[in-house]
**Student:** 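Take a look at the following structure, please.
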There are 2 protein chains.
Amino acid sequence: MSRRPTLKDVAALAGVSRATASLVIRDERGPSAASRERVRAAAAALGYVPDPAAQLLRRGRSGLLGVVFTARDAFHADLLDGVYPAAEARGFSVVLGAVSPARTADRAVAALLASRCEALLLLGGRYGAERLAELAAEVPVVDVGHVGEPGPVDAVASADDEGVGAAVEHLVALGHTAIAMVDGGEQPGAAQRRAGYRAAVRRHGLPERIVPGDNTEVSGAAAVEALRPDLPTAILANNDQCAVGVLDALRRSGIGVPEQVSVIGYDDSQLARLAHVDLTTVAQDAGEIARIAVGAALDRAEGDTSEPKHIRLTPHLVVRSTTAPAP
Amino acid sequence: MSRRPTLKDVAALAGVSRATASLVIRDERGPSAASRERVRAAAAALGYVPDPAAQLLRRGRSGLLGVVFTARDAFHADLLDGVYPAAEARGFSVVLGAVSPARTADRAVAALLASRCEALLLLGGRYGAERLAELAAEVPVVDVGHVGEPGPVDAVASADDEGVGAAVEHLVALGHTAIAMVDGGEQPGAAQRRAGYRAAVRRHGLPERIVPGDNTEVSGAAAVEALRPDLPTAILANNDQCAVGVLDALRRSGIGVPEQVSVIGYDDSQLARLAHVDLTTVAQDAGEIARIAVGAALDRAEGDTSEPKHIRLTPHLVVRSTTAPAP
DNA sequence: TTGAAAGCGCTAACAC
DNA sequence: GTGTTAGCGCTTTCAA
């Protein structure tokens with residue numbers, strides 16, 4: 001097996017200098033169309049791929065965007081789909097650090113730092129303010145899915161309170177006046193969703209009715225029991241799974257959804273999309289979140305030193321078949 | 001902000017040459033105890049950290065193990081859990097290439113190759129023999145989850161046909177005689193699981209009944225519709241996600257699981273272990289597969305040129321609460 | 001035991 | 001427009 005081709009080989013084959021070949025490869029202006037053509041052909045013929053170590057050494061920059069994600073998280077997978085094109089559009093490569101039960105976020109971060117990435121995207125908002133500040137001293141950091149008070153670094157998250165607000169508006173527009181919410185307890189984001197519900201019903205002068213829950217199907221079913229016998233005409237669940245439990249309990253006792261009671265979930269998970277579930281729910285726009293987060297991270301990598309930005313994206317309602325006009 | 005200290009700075013401060021300092025930093029033998037002492041002190045005083053890019057450039061090795069995985073695949077997440085410690089134990093770092101609907105395996109491979117990884121782990125067995133041979137010409141490749149005939153590269157996979165066979169045996173032992181399977185379509189591994197099902201039902205003289213599917217919950221739910229009205233007493237799904245769709249569709253139409261219909265998944269993913277799913281399923285030993293695959297890949301990276309190895313691990317049935325004696 | 005010198009593959013100045 | 005030159009920070013001969 002022969003040595004990998006270097007820029008020198010490409011230049012020799014194309015009959016130009018290494019400098020010219022380098023410019024062509026990097027799409028810099030300078031070389032004539034004829035030179036470009038021949039260098040391109042030579043590179044293709046040789047299967048030339050630039051050596052990142054040499055580039056890094058010379059440029060003093062890695063062109064790498066580090067992304068810490070959770071391997072099993074479907075929403076993170078959606079985010080990654082958006083991260084790759086956004087980073088590549090700006091000439092950065094993505095280097096991934098997986099977090100799993102067997103691998104802590106700290107390990108993932110350490111590995112990414114060792115790769116000399118120029119900025120770090122933290123998916124999942126799992127770090128506290130102090131740790132974020134520590135990391136930010138090493139490299140620009142963007143906290144994706146940040147909850148709570150604005151922290152010391154750029155953050156991108158969806159405005160869950162507004163998402164729930166939109167769900168309530170939808171129900172009000174359908175004529176509902178008795179709208180209950182199944183709470184999400186201590187789960188991340190639950191407080192914000194609860195606040196959104198409270199604000200929205202208050203805005204419309206409607207009664208507030210919250211029953212406890214914990215994002216599971218079982219808790220959704222239990223919530224229905226807790227609401228009896230005075231069932232509302234609409235139930236908001238803190239997430240889709242819980243909503244499915246609500247649906248299940250209602251239908252089991254012969255109550256028509258959406259004819260008698262409307263149900264709305266949260267997350268637009270696969271579950272919500274099942275043909276026979278077909279749940280009205282609130283979706284976060286993963287692509288948009290990813291695009292904005294990457295933009296912020298790379299702006300920092302390229303020298304932006306403005307105050308930390310805190311961006312909240314408005315999620316949108318996905319109307320399916322579990323909501324209808326109030327009976 | 002001052003420049004990072006280089007080896008030259010350390011050497012100057014210690015009053016030795018860069019060569020000597022290099023030896024000390026890498027714990028190579030040669031330098032005298034006195035030199036070691038002074039270089040160590042100088043490095044500590046300066047907070048010196050070797051530049052990996054320069055080391056790589058000079059050494060001509062990246063110390064990287066590339067891993068192509070599918071972002072949404074729970075089993076791949078389990079494999080990654082095993083890959084990291086195995087690679088790190090041998091002094092390699094792991095560099096990940098994600099495959100998703102928006103990013104092809106070829107792109108992921110290209111990115112990893114560009115990072116100059118010394119070996120490649122392909123999770124998911126999605127490449128054919130020719131492509132594998134092409135890749136293997138660039139870098140040692142281990143095909144994890146390989147199906148079919150032994151290919152041109154090392155392969156580690158679980159014997160999915162035996163896994164499905166064990167699932168059928170379990171059902172037969174419970175008295176089931178009408179056992180259907182929800183297929184996995186073109187998904188990697190599906191053909192082998194289908195073959196295992198066919199062989200097992202034939203062995204017992206039972207009728208064969210296969211409905212199409214594609215490893216999603218939606219397809220599991222659809223499969224139940226396709227099986228109506230003549231529902232079997234047991235349904236085997238090509239993976240856990242699909243099985244959850246099956247469970248969901250059955251329960252939603254009031255059919256008791258496992259009282260009326262038994263359901264078995266495949267993969268023993270986190271999903272199967274959730275308390276309210278508690279799915280009987282077939283488990284592959286992800287940790288063992290990962291360990292063996294990493295070992296093979298790094299052996300190759302370090303010069304092993306023996307014939308391609310083909311390792312098949314036997315999966316085992318995990319009985320939970322979705323299977324019971326036939327009604 | 002130590003140091004001088006020669007690059008690894010690439011890019012940035014500067015000259016032509 | 002293109003080539004020459006001089007390193008980036010490190011390791012590795014090879015002499016001393």
Side-chain angles (χ1 to χ4, degrees), chain A residues 2-43 46-64 91-93 114-116 118, chain B residues 1-43 46-64 91 93 113-118 138-139:
Chain A
S2 66
R3 187 178 52 75
R4 300 184 81 98
T6 71
L7 192 54
K8 194 166 148 191
D9 301 323
V10 174
L13 183 56
V16 298
S17 73
R18 277 153 60 209
T20 301
S22 176
L23 293 176
V24 175
I25 294 297
R26 285 175 294 139
D27 266 331
E28 292 290 327
R29 18 169 280 163
S32 65
S35 294
R36 304 196 100 83
E37 179 73 15
R38 299 173 48 216
V39 171
R40 294 251 163 71
L46 261 32
Y48 171 74
V49 181
D51 183 330
Q55 289 182 312
L56 168 54
L57 180 57
R58 180 64 238 227
R59 299 212 259 241
R61 301 191 43 175
S62 67
L64 255 29
F92 276 70
S93 297
S115 80
R116 289 280 204 276
E118 296 183 42
Chain B
M1 195 175 84
S2 68
R3 190 175 49 76
R4 303 179 71 103
T6 70
L7 193 52
K8 193 167 150 191
D9 301 323
V10 175
L13 182 59
V16 299
S17 72
R18 278 153 55 205
T20 301
S22 176
L23 261 1
V24 175
I25 295 297
R26 285 175 295 138
D27 267 332
E28 292 289 327
R29 16 170 282 164
S32 65
S35 295
R36 306 196 98 84
E37 180 73 18
R38 299 175 47 219
V39 171
R40 292 251 164 71
L46 261 31
Y48 171 74
V49 181
D51 182 333
Q55 289 182 311
L56 298 185
L57 180 58
R58 182 61 239 226
R59 295 211 260 245
R61 301 192 43 175
S62 67
L64 255 27
S93 297
L113 253 25
S115 81
R116 291 284 201 273
C117 60
E118 296 183 43
E138 303 272 333
V139 69

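Numbers restart at 1 for each chain; the letters A, B, ... are given by sequence-line order, proteins then strands. Only this structure's heavy atoms are used, side chains among them; waters, hydrogens and symmetry mates stay out.
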**Student:** Taking CZ from A:Arg38 and C1' from D:dT2, how many angstroms apart are they, rounded to a whole number?
**Tutor:**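 After rounding, the gap between these two atoms is 12 Å.
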**Student:** Does OP1 or OP2 of C:dT1 have a side-chain N or O of B:Ser35 closer than 4.0 Å?
**Tutor:** no
**Student:** Rounding to a whole Å, what distance do you find between A:Arg29:CZ and D:dT2:P?
**Tutor:** 14 Å
**Student:** When rounded to the nearest 0.5 angstrom, what is the spacing between CD in A:Glu118 and CG in A:Leu64?
**Tutor:**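 Here the interatomic distance stands at 7.5 Å.
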**Student:** Is the phosphate of C:dG9 approached by A:Arg4 (side-chain N or O, under 4.0 Å from OP1 or OP2)?
**Tutor:** no
**Student:** Keeping to residues at least two apart or across chains, list the salt bridge (Lys or Arg N to Asp or Glu O under 4.0 Å) pairs with something in residues 22-31 of chain A.
**Tutor:** A:Asp27-A:Arg40
**Student:** Check the distance between C:dG9's P and B:Arg61's CZ and give it to me in whole angstrom.
**Tutor:**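 My rounded result for the distance is 15 Å.
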**Student:** With respect to the side chain of B:Thr20, which nucleotide from C:dA4, C:dT2, D:dT2 is positioned closest?
**Tutor:**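 The listed nucleotide nearest to B:Thr20's side chain is C:dT2.
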**Student:** Would you kindly give the NZ-to-C1' distance between A:Lys8 and C:dT11, to the nearest whole Å?
**Tutor:** 16 Å
**Student:** So do the side chains of B:Arg116 and A:Val49 get within less than 4.5 Å of each other, counting heavy atoms only?
**Tutor:** yes
**Student:** Can you find a side chain N or O atom of A:Thr6 that sits less than 4.0 Å from OP1 or OP2 on C:dG9?
**Tutor:** no
**Student:** May I have the distance from A:Ile25 (atom CD1) to C:dA12 (atom P), rounded to whole angstrom?
**Tutor:**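 Going from CD1 in A:Ile25 over to P in C:dA12 covers 14 Å.
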**Student:** Looking only at side-chain N and O atoms, does A:Arg36 come under 4.0 Å of OP1 or OP2 in D:dG1?
**Tutor:**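 The answer is no; no side-chain N or O of A:Arg36 sits under 4.0 Å from OP1 or OP2.
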**Student:** What is the minimum heavy-atom distance between B:Leu113 and A:Arg4, and which atoms define it?
**Tutor:** O-NH2, 4.0 Å
**Student:** Where along residues 51-59 of chain B does a heavy atom fall under 4.0 Å from DNA chain C?
**Tutor:** B:Leu57, B:Arg58
**Student:** Measure the distance from CG on A:Leu23 to C1' on C:dA13 and round it to the nearest whole Å.
**Tutor:**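 Atom-to-atom, A:Leu23 to C:dA13, this comes out as 12 Å.
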**Student:** Within this structure, what is the CG-to-P distance between B:Asp27 and D:dT11, rounded to whole angstrom?
**Tutor:** 12 Å
**Student:** Has A:Arg38 got a side-chain atom pairing as donor or acceptor with A:Ala14's backbone, closer than 3.5 angstrom?
**Tutor:**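 Between the backbone of A:Ala14 and the side chain of A:Arg38 there is a qualifying donor-acceptor contact (under 3.5 Å).
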**Student:** Find the distance between OG (B:Ser62) and CG (B:Leu57) and round it off to the nearest 0.5 Å.
**Tutor:** 12.0 Å
**Student:** With a 4.5 Å heavy-atom cut-off, do A:Ile25 and A:Pro50 have their side chains touching?
**Tutor:** yes
**Student:** Just the atom pairs and distances: protein N or O near nucleotides 14-16 of chain D's N or O, under 3.5 Å.
**Tutor:**
none

**Student:** I need the A:Leu23 CG to A:Ser17 OG distance, nearest 0.5 Å.
**Tutor:**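 Separation between the atoms: 8.0 Å.
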**Student:** Can you confirm whether B:Val10 sits close enough to B:Val39 that some side-chain heavy atom of one is under 4.5 Å from a side-chain heavy atom of the other?
**Tutor:**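 Yes. Closest side-chain heavy atoms under 4.5 Å.
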**Student:** Give a yes/no answer on whether the side chain of B:Ser17 brings an N or O atom under 4.0 Å of OP1 or OP2 in C:dA4.
**Tutor:**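 For B:Ser17, the contact criterion (side-chain N or O under 4.0 Å from OP1 or OP2 of C:dA4) is not met.
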**Student:** Measure CG/B:Leu46 against P/D:dG9 and give the value in whole Å, please.
**Tutor:**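 One finds 13 Å between P of D:dG9 and CG of B:Leu46, rounded.
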